[in-house]
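Proteins come first, then strands; the chains are lettered A, B, ... in the order of their sequence lines, and each starts at number 1.
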Protein chains: 2
Amino acid sequence: LIELEQISKHYQMGSQLVKAVHNVSLTIHHNEYIAFIGASGSGKSTMMNILGCLDSPTNGHYRLNDQNVATLDESALADIRNREIGFIFQSFNLLPRATALQNVMQPLIYLGIPFNERKNLAIEALANVQLEDRSDHLPNELSGGQRQRVAIARALVTKPSILLADEPTGNLDSQTSVEIMRLFDQLHKDGQTIIMVTHEDDIASHSNRQIKMKDGNILRDSSAI
Amino acid sequence: LIELEQISKHYQMGSQLVKAVHNVSLTIHHNEYIAFIGASGSGKSTMMNILGCLDSPTNGHYRLNDQNVATLDESALADIRNREIGFIFQSFNLLPRATALQNVMQPLIYLGIPFNERKNLAIEALANVQLEDRSDHLPNELSGGQRQRVAIARALVTKPSILLADEPTGNLDSQTSVEIMRLFDQLHKDGQTIIMVTHEDDIASHSNRQIKMKDGNILRDSSAI
Ligand SMILES: Nc1ncnc2c1ncn2[C@@H]1O[C@H](COP(=O)(O)OP(=O)(O)OP(=O)(O)O)[C@@H](O)[C@H]1O
Ligand SMILES: Nc1ncnc2c1ncn2[C@@H]1O[C@H](COP(=O)(O)OP(=O)(O)OP(=O)(O)O)[C@@H](O)[C@H]1O
Ligand SMILES: [Mg+2]
Ligand SMILES: [Mg+2]
């Protein structure tokens with residue numbers, strides 16, 4: 001499904017070169033359930049942005065479904081991001097002037113789904129994260145964990161074949177986290193691929209493969225074959 | 001130090017009244033080390049905003065150091081917020097066009113501290129959260145956990161007598177969290193008052209009093225006297 005070959009992401013900061021990710025090679029198959037773990041600043045979100053086609057590497061090759069992502073034009077990339085991938089951002093990235101419901105309906109517009117069906121799918125997605133009674137709130141009228149759940153609902157509403165979840169439970173209490181992981185486990189049972197970043201061992205234990213990062217490199221991979 | 005009497009915070013959403021906090025009464029003494037726990041949406045951040053004089057209650061009375069906060073004018077409030085309180089926001093609230101160093105220097109301006117001393121104090125605060133080599137990065141050039149640590153350093157740089165920390169380790173791995181809690185514990189040893197919100201039991205266990213919230217109310221208080 002996914003092949004990363006000698007992937008690097010570097011930032012030039014004045015005279016200093018920051019190697020956010022450096023020479024990472026990795027293979028990910030369909031229906032894997034992967035957790036990236038590692039210290040703050042070790043490169044996990046950078047990896048997720050590359051995997052999600054939101055950022056291009058400085059060096060190396062990324063093949064997704066046997067296509068070299070670097071050779072795809074913007075409309076082919078938009079297609080992948082909108083049709084195949086669901087992305088939960090570490091800082092949520094909700095539209096500030098749209099309600100919870102509008103935020104969750106948004107990814108369905110690209111798929112050409114008519115208004116009433118978009119609304120029904122979004123209501124169902126919000127109910128799955130226990131937020132049906134907050135659908136008319138703007139993001140700044142929601143608690144931190146509620147915003148996180150809107151971001152989760154938005155990523156799940158398209159039933160994506162690849163879910164990328166960056167710290168999906170960082171602002172959630174343990175009971176709410178249990179409910180969210182139940183959704184992820186179900187998606188995985190349905191055949192989808194899940195790649196998440198987490199710093200919590202309980203959450204990582206839902207995965208069947210843990211990849212630990214350190215200083216932009218892979219330190220160890222529990223299922224390196 | 002702090003007395004809350006029948007505090008409520010309500011929001012009118014069309015025809016519906018959202019009771020974020022409802023009829024909460026509470027006494028907090030000097031040098032207490034308190035953890036607010038509870039489900040997502042239970043009112044913890046709302047409580048913190050009221051305690052930090054960032055938001056005024058719909059009903060009830062808040063006495064801080066024997067002063068009724070509602071009777072204070074804006075300059076007296078600014079004085080309290082800047083001189084007495086350090087606030088770590090659940091969503092960090094960093095200045096987006098200022099570097100990590102500038103963000104941490106900022107609270108010292110109000111205290112009339114000259115530039116060179118502000119810079120030295122801020123460098124020391126960033127070193128205490130292991131970010132001295134990121135001082136020139138803007139917030140969008142930092143990882144999630146690095147932004148959280150800049151927010152922590154900014155709150156601690158004034159050595160506040162009351163630290164309000166809303167989910168201070170939500171984006172941090174366990175090792176980094178240990179280092180942050182060491183800073184909090186030291187501040188508490190130095191005689192300061194610490195009030196934090198957390199959904200992680202390991203973090204809550206550093207406190208000597210846990211207050212659990214549910215639906216805007218206090219469900220239980222481990223040191224209710
Ligand atoms: N400006 C607002 N308008 C309407 N409702 C609001 C507003 N701010 C907060 N609320 C509601 O008040 C309730 C309490 O919010 P609060 O942010 O205090 O929760 P919390 O305990 O901090 O949750 P979390 O653990 O998810 O951060 C939530 O249900 C939220 O939807
Ligand atoms: N735009 C940028 N410019 C410069 N450096 C950057 C930029 N974005 C990220 N970095 C650096 O790259 C490193 C990796 O960042 P990344 O966000 O991937 O870390 P992370 O593992 O997700 O951390 P966290 O657990 O704190 O979220 C960090 O040290 C960060 O400072
Ligand atoms: Mg990250
Ligand atoms: Mg909160």
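Each of E167(A), H199(A), Q90(A) was checked for a side-chain hydrogen bond (donor to acceptor under 3.5 Å, both in side chains) with N171(B), and the lone residue meeting it is Q90(A).
Only the side chain of S91(A) comes within contact range of chain B, with heavy atoms under 4.5 Å apart. Residue contact with chain B, scored on non-hydrogen atoms closer than 4.5 Å, involves the side chain of V18(A) exclusively. With a threshold of 4.5 angstrom between heavy atoms, T169(A) approaches chain B through N, CA, C or O but not through any side-chain atom. The contact between E141(A) and chain B is made entirely by side chain atoms (from C-beta outward), counting heavy-atom distances below 4.5 Å. Residue E200(A) touches chain B through its side chain alone, counting heavy-atom pairs closer than 4.5 Å. At a 4.5 Å heavy-atom cutoff, the contact between S143(A) and chain B is made by side-chain atoms alone.
Judged as a side-chain contact (heavy atoms from CB on, under 4.5 Å), and not counting sequence neighbours, the contacts of N217(B) are H22(B). Under the rule for a salt bridge (charged side-chain N to carboxylate O under 4.0 Å, His left out), the partners of R81(A) that lie at least two apart in sequence or sit in another chain are E74(A).
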Give the C-alpha distance, both sets of side-chain angles, the deciding distance and a yes or no for side-chain contact (heavy atoms from CB on, under 4.5 Å) between L51(B) and L4(B). CA-CA 9 Å; L51(B) 289 168; L4(B) 299 179; 3.9 Å; yes
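Chain B forms the most heavy-atom pairs under 4.5 Å with one residue out of G43(A), S177(A), A39(A), S45(A), and that residue is A39(A). The most heavy-atom pairs under 4.5 Å with chain A, out of Q175(B), H137(B), Q146(B), Q130(B), come from H137(B).
In this structure, D221(A) pairs ionically with R209(A), as a charged nitrogen and a carboxylate oxygen lie closer than 4.0 Å.
Atom CG of L172(B) is separated from atom CD of E179(B) by 9.5 Å, given to the nearest 0.5 angstrom.
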